[in-house]
Protein chains: 2
Amino acid sequence: MEYSVHVRMNERLFLRDPDGSDLGRRIIRQSILLFDEVGFEDATFRKLAERMGTKEASIYRYFENKHRLLVYLVAWYWQWIDFQLVFRTNNLTDPHEKLERLLNLLLLKDLDQSMTDDLDLKALHSIVIRESSKAYLTHHVTEDNRQHLFKPYKDLCARIAGIILELRPDYPYARSLASSLIETIHYQTFFMQNLPSLTDFGPIPAGQHTHPGKLIGFVRHLLYASLGAPIHNQD
Amino acid sequence: MEYSVHVRMNERLFLRDPDGSDLGRRIIRQSILLFDEVGFEDATFRKLAERMGTKEASIYRYFENKHRLLVYLVAWYWQWIDFQLVFRTNNLTDPHEKLERLLNLLLLKDLDQSMTDDLDLKALHSIVIRESSKAYLTHHVTEDNRQHLFKPYKDLCARIAGIILELRPDYPYARSLASSLIETIHYQTFFMQNLPSLTDFGPIPAGQHTHPGKLIGFVRHLLYASLGAPIHNQD
DNA sequence: CATTAAAGATAGTAAAGCTATCGAATATAC
DNA sequence: GTATATTCGATAGCTTTACTATCTTTAATG
């Protein structure tokens with residue numbers, strides 16, 4: 001028996017719900033591939049339309065502009081991660097165990113592609129690493145925030161902060177540590193792949209998708225050192 | 001007696017050296033103000049030219065495009081920080097002391113405006129926080145890196161890693177910790193100001209430039225916890 | 001069959017991004 | 001002091017991006 005988990009998105013993220021039509025779902029699927037291939041700056045609605053065999057105007061019926069589409073993809077990703085976290089830590093009591101599951105999730109380890117139907121999660125993960133900060137590093141971040149466009153990311157951080165507080169109820173920087181954990185994983189991954197001298201992990205051999213494990217070692221060390229706990233070495 | 005420290009830049013960062021002419025220096029000074037005011041995406045060479053009372057084409061004689069100008073500003077900033085770090089930690093022996101100076105520097109505390117002549121360091125700092133990751137989060141990062149455009153940032157990280165290793169010669173993640181330190185300060189500052197629920201520090205009251213000190217507390221905790229050292233509380 | 005919503009098709013505007021050229025001003029060389 | 005070269009201002013133009021408008025076709029619904 002198959003379960004399909006539907007991610008319900010904030011209506012301000014789109015003009016027409018892309019999940020409500022075939023064309024809309026193709027926009028999502030193809031935009032992930034396009035953003036991943038050419039990068040956010042070089043992607044245009046025209047190129048996306050051509051690749052989809054449709055017209056620019058059709059895409060504008062779903063999304064105000066390219067930036068909103070990026071925000072949508074990133075929001076979708078964080079809601080997906082948040083759900084996965086809830087699912088995978090359900091019934092666990094040990095916060096250490098929960099944090100381990102979280103790290104594996106953020107590094108997209110042992111991925112079950114069947115749960116995401118038709119869209120390319122690895123490509124989406126690459127987009128999140130390379131482009132997601134552009135979703136909020138704008139001049140209009142306050143306005144976007146007012147419309148709750150970043151709620152999925154904030155919800156996930158709050159959930160992580162909750163786990164941190166289970167482990168150390170008196171830790172005074174739970175939310176900052178949660179957001180730092182996510183961001184650190186992202187740009188260390190990016191640096192490792194593109195500016196490796198900024199890290200202590202070599203670049204990943206081409207074609208290989210799994211991380212050599214040193215990155216997770218660093219993050220684990222950072223996390224548990226901060227929480228004053230012994231390092232939970234599992235790698 | 002006044003000393004003017006000249007920052008010598010990599011020649012690939014520009015077409016014509018902006019520091020070699022009056023117009024060039026005005027481009028730098030005004031672009032900092034423009035980027036700070038309207039944000040990188042909404043800034044254009046046309047707007048910059050208008051504000052300077054010159055023409056678009058003149059700016060193109062100095063910089064290939066807007067992105068290269070950003071890379072130049074960011075590179076200048078990191079070279080300046082690196083020099084300041086060398087200067088301020090000169091003759092110090094205690095690595096703890098050096099790291100404290102570094103933190104204050106990265107948070108732009110006790111700034112001596114006289115050392116930067118005519119350009120607005122606080123505005124440049126804001127640009128670095130909000131826009132600097134866009135300098136490398138591109139599809140052409142590898143090509144840019146080949147041209148050594150990010151060398152100042154890498155040099156600074158290497159220097160910080162050196163201090164870390166003075167303190168803990170066996171610490172295995174010195175470079176990653178160095179880059180994480182810088183990046184963490186940046187986006188925690190950004191979050192604090194724009195998405196405060198992602199942090200444990202409230203937003204800074206408008207018009208106030210000094211940080212309430214909680215951010216530095218977090219970063220210090222993260223740093224010294226990682227290095228297994230007692231926390232050096234000075235705030 | 002009539003209605004209406006979605007999407008295809010075509011067109012067009014405004015701005016951004018960038019290049020080319022020409023002449024005036026100014027500095028430098030001889 | 002005249003020749004030469006460099007810099008900058010000024011104008012123009014081209015291509016692409018970003019976005020809007022409108023009209024027709026198609027498909028779904030009652």
Side-chain angles (χ1 to χ4, degrees), chain A residues 9 11-31 34-35 37-73 131 134-135 138-140 143-144 149, chain B residues 9 11-31 34-35 37-73 131 134-135 138-140 143-144 149:
Chain A
M9 307 290 294
E11 302 210 342
R12 310 244 184 170
L13 286 163
F14 48 75
L15 295 172
R16 210 207 287 313
D17 184 3
D19 203 43
S21 74
D22 182 62
L23 182 67
R25 282 182 294 269
R26 277 167 56 221
I27 291 173
I28 301 307
R29 192 154 21 95
Q30 293 294 320
S31 64
L34 180 65
F35 284 179
E37 280 172 31
V38 306
F40 178 68
E41 352 285 330
D42 288 349
T44 66
F45 276 6
R46 211 183 300 266
K47 287 177 191 166
L48 178 56
E50 273 165 25
R51 158 196 283 261
M52 292 172 56
T54 182
K55 299 286 168 182
E56 221 180 342
S58 305
I59 303 174
Y60 277 105
R61 288 183 181 119
Y62 284 85
F63 292 99
E64 267 182 66
N65 53 49
K66 188 173 65 155
H67 185 262
R68 280 290 165 118
L69 174 52
L70 175 67
V71 174
Y72 178 94
L73 295 179
E131 322 287 3
K134 297 168 192 166
T138 66
H139 212 241
H140 47 87
E143 178 51 33
D144 290 350
L149 306 190
Chain B
M9 306 291 292
E11 302 208 341
R12 310 245 183 169
L13 286 163
F14 46 76
L15 295 173
R16 211 208 282 317
D17 184 2
D19 203 43
S21 75
D22 183 60
L23 183 66
R25 282 181 293 270
R26 278 166 55 220
I27 291 173
I28 301 306
R29 193 154 19 94
Q30 293 294 322
S31 64
L34 180 64
F35 284 179
E37 280 171 30
V38 307
F40 178 68
E41 352 284 332
D42 288 349
T44 67
F45 276 5
R46 215 183 296 266
K47 287 178 191 166
L48 178 55
E50 273 166 26
R51 157 195 282 260
M52 292 172 55
T54 183
K55 297 287 168 181
E56 219 180 344
S58 304
I59 303 174
Y60 276 106
R61 287 182 181 120
Y62 286 83
F63 292 98
E64 268 182 65
N65 53 51
K66 190 173 65 159
H67 184 262
R68 279 289 165 118
L69 175 52
L70 175 66
V71 173
Y72 178 94
L73 295 179
E131 322 286 3
K134 295 167 193 168
T138 66
H139 211 242
H140 48 87
E143 179 50 34
D144 290 350
L149 305 190

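First the proteins, then the strands, lettered A, B, ... as listed; each starts at 1.
- If you walk DNA chain C from 5' to 3' and mark each nucleotide with an atom closer than 4.0 Å to a heavy atom of chain A, the marks span C:dA6 to C:dT10.
- We find the CG-OH distance between A:L15 and A:Y60 to be 11.0 Å, quoted to the nearest 0.5 Å.
- At a threshold of 4.5 Å between non-hydrogen side-chain atoms, the residues B:S31 and B:Y72 do not count as touching.
- Of the possible polar contacts, none joining the A:S58 side chain to the A:T54 backbone as a donor-acceptor pair under 3.5 Å is found.
- For the pair B:T138/A:F40, no side-chain contact is recorded, criterion being any heavy-atom separation below 4.5 Å from C-beta on.
- Applying the ring pair (Phe, Tyr, Trp, His ring centres under 6.0 Å) test to B:H139 and every residue at least two apart in sequence or in another chain returns nothing.
- When the P atom of D:dT17 is taken as reference, atom NE2 of A:H67 falls 19 Å away, rounded to whole Å.
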Original post:
Base, backbone or nothing for each nucleotide of nucleotides 19-30 of chain D, written B, S, -, heavy atoms under 4.0 angstrom, 5' to 3'?
Top reply: BBBB--------

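- A 4.5 Å side-chain heavy-atom check between A:I28 and A:L69 finds at least one atom pair inside the cut-off.
- The stretch residues 11-28 of chain A participates, sequence neighbours left out, in no salt bridge (charged side-chain N to carboxylate O under 4.0 Å, His left out) pair at all.
- A cation-pi arrangement is absent between A:K66 and A:F45 under the rule of less than 6.0 angstrom and at most 45 degrees off the ring axis.
- Contact between the side-chain N/O atoms of B:Y62 and the OP1/OP2 oxygens of D:dT7 is not found at any separation under 4.0 Å.
- Applying a 4.0 Å cut-off to non-hydrogen atoms, none of the residues of residues 13-23 of chain B approaches DNA chain C.
- Looking at heavy atoms from C-beta onward, A:F14 lies in side-chain contact with A:M9 at the 4.5 angstrom threshold.
- The salt bridge (charged side-chain N to carboxylate O under 4.0 Å, His left out) pairs that include a residue from residues 38-55 of chain B are B:E37-B:R51, B:E41-B:K134, B:R46-B:E56, where partners are two or more places apart or lie in different chains.
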